[in-house]
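Read the structure below first, then the notes.
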Amino acid sequence: MAKITLSNLAHSYLTDPQGPGDYALKRIDHTWEDGKAYALLGPSGCGKTTLLNIISGLLTPSEGRVLFGERDITRLSTEERNIAQVFQFPVVYDTMTLFDNLAFPLRNRGVAKARVRERVETVARMLDLTGSMKRKARGLTADAKQKISLGRGMVREDVAAILFDEPLTAIDPQLKWELRTQLKSLHRTFGHTMIYVTHDQTEALTFADEVAVMYEGEVVQIGAPEDLFERPRHTFVGYFIGSPGMNLLPARVAGSEAHLGGTRLALGRRYGQVSGGRIEIGIRPEFVALGNDGGNDGEGLPVTVTRIEDVGRHRIVRTDFQGREINAIVNEGQPLSEQMMSGQMTRVRFDPHSIKVYADGWLIEGKSV
Amino acid sequence: MDKPVNHRAWFMVMPVVILVAFSAVIPLMTVVNYSIQDTFGNNQFFWAGLEWFEQILSSERFHNALLRQFVFSFIILAIEVPLGILVALSMPKRGWTVSLCLVVMALPLLIPWNVVGTIWQIFGRVDIGLLGAALNELGIGYNYTQNWLDAWITVIVMDVWHWTSLVALLCYAGLVSIPEAHYHAARIDSASRWKVFRYIELPKMNRVLLIAILLRFMDSFMIYTEPFVVTGGGPGNSTTFFSIDLVKMAIGQFDLGPAAAFSLIYFLIILLLSWVFYTVMTNVGVELPRREKES
């Protein structure tokens, strides 16, 4: 086991990339610490699988290096890297028994028979597979097959990291939760470095110690789940994480005030004169309050309620502000006024300290007031 | 409830009944008819019972032809199946070369049997054939019209040339259906090339391979045109396979009774082998999961 360093890594599928648009993976410089669980989160086609394949050695990056510990493994083959990978769709050896499936990676490396048995039995016990070790893998359910794929990754003690490429895509929702829990406990037991690729924020946020959010071939933010929620460095992170995602509104920012379509909003920090292309302010729906008086006291943005969704623990109030959607989350305990219904005019107020300012998508750090 | 009785419905099945009767039932029954009678011409027939069957089954000529036939089919399978798999494995998986390979592979399959026979007949000729003349120039005394081994080699090489593509194309179809992730997983598991073949490729080719074996076996078992054109069954009787022998008996010697009995025995052998293959094929894929469910 070792830490994984990505040094100036970039990849393009073209032989002669011209602009940044030609890169499937834009420049990234990061270190993954030993024994932690990481998630690569992003929509389809954002380059997360490309990054994973570079780490696993199925792809050679066009620029930069990958290091396991101090060892440069950029040009080493998959076998020499000592990693394990679990794929999106379960890969099992149909004609082998479950035991032979799990033993396969060890036997190929010439591990002694007794040791193989011991390891396979440990892993099988962890995955609740002990009952059926003698049966053939053909005809198993998708989740059982994925468990075997997972087990084949776990069975080797010396792996530098275990990589997961959207491993729960083909699994039923009910079993998804169970397998994810099992994965977490496996991580705690064996302490392997794990890198988990997914487009499902719930999976990423519950599984990983640290999440790397990717957008159009770029890692836009790496951080703990709380960081991603509280301080999104990029509008994409704000939008992609949370449900619903961050409200983003074009605005003019000067000093500690934002001007939106004739309304003035106080900000929690001082920004000076913000210039640049596209200036937006972002606020999570959790920090949006509805002015239930609906009066004209001049505070907050005047909006029209378009829809109210009851999702159990809380309600999502969707409103319209000059053609832009602003969502607010109202907790269960907090009553909505009786007359609150779609089509009604009301006002929304933002918590000034939770408002973030973005220029061309990237967060601007203000000075504290 | 009273259903209206309408016998006109029978007319609907008449075309099929007539077609099957004329194409299969009546010819077969005619053969059965010949096989149990004897004639001295003038369209006069005498009852012969099972005499012809006994005669055929105990004749050395029949035994030899049967043996030749099985040896031939066995050699064909032993060469074409491994060779077909090998060719399929070395075919490219993507790019423009795929279409090129497929077209080149399909070419021999499109050539009619008697043309293939003619091509090889000329190709192997000692006087003007490229192969025959070249071999003799090199000092190898090759002559398929005189040496039985040369005749066998020629017929086998011809069949391999003509039909290995079929096995290869079927196997290729099985191979391309394997997801890339399986190969990646095998690399991560450090599986050797042999193990990749044994545990990933072969299981996926299982079904198509069985179809290929069945097709090649049945087809080689009924081979007639190509060896007939090349060697005419010779030298001597060395390449007289089942169907060639049958035609010799029926048309050459005009022994209608024995030839009819021969035909029926031939037919029954093929029926039996088809049944065996069918049983094996339907059980190989299906039986396994069923057995597992019970346990």
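By convention in this document, chain letters (A, B, ...) are assigned in the order of the sequence lines, proteins followed by strands, and residues within each chain are numbered from 1.
One distance of note links NZ of K195(B) with CE of M96(A); it measures 7.5 Å at 0.5 Å rounding. Atoms OG1 and NE2, on T78(A) and H184(B) in that order, are 7.5 Å from each other to the nearest 0.5 Å. Atom CD of residue E180(B) and atom CZ of residue F87(A) lie 9.5 Å apart, to the nearest 0.5 angstrom.
Listed options A185(B), A186(B), P203(B), S192(B) were ranked by heavy-atom pairs under 4.5 angstrom with chain A; first place goes to A185(B).
In terms of heavy-atom proximity, S190(B) sits nearest to N108(A) at O-CB, 3.4 Å.
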**OP:** Check the pair I188(B), R156(A) against side-chain contact (heavy atoms from CB on, under 4.5 Å), reporting the backbone distance first and the verdict last.
**Re:** CA-CA 11 Å; I188(B) 284 164; R156(A) 286 159 50 198; 4.1 Å; yes
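Within a 6.0 Å sphere centred on CZ of R71(A), other residues, nucleotides and ligands contribute 12 heavy atoms or fewer. Summarising the local packing, CZ of R115(A) is surrounded by more than 12 heavy atoms from other residues, nucleotides or ligands at distances under 6.0 Å. The environment of R193(B) atom CZ is dense: over 12 non-hydrogen atoms of other residues, nucleotides or ligands sit within 6.0 angstrom. More than 12 heavy atoms of other residues, nucleotides or ligands sit less than 6.0 Å from atom CZ of F221(B). Atom CH2 of W148(B) has 12 or fewer heavy atoms from other residues, nucleotides or ligands within 6.0 Å.
Sorted by first then second residue, the ring pair (Phe, Tyr, Trp, His ring centres under 6.0 Å) pairs that include residues 97-154 of chain A, not counting sequence neighbours, are Y93(A)-F104(A), F104(A)-Y199(B).
Side-chain contact between R152(A) and D189(B) is present, with heavy atoms from C-beta onward closer than 4.5 Å.
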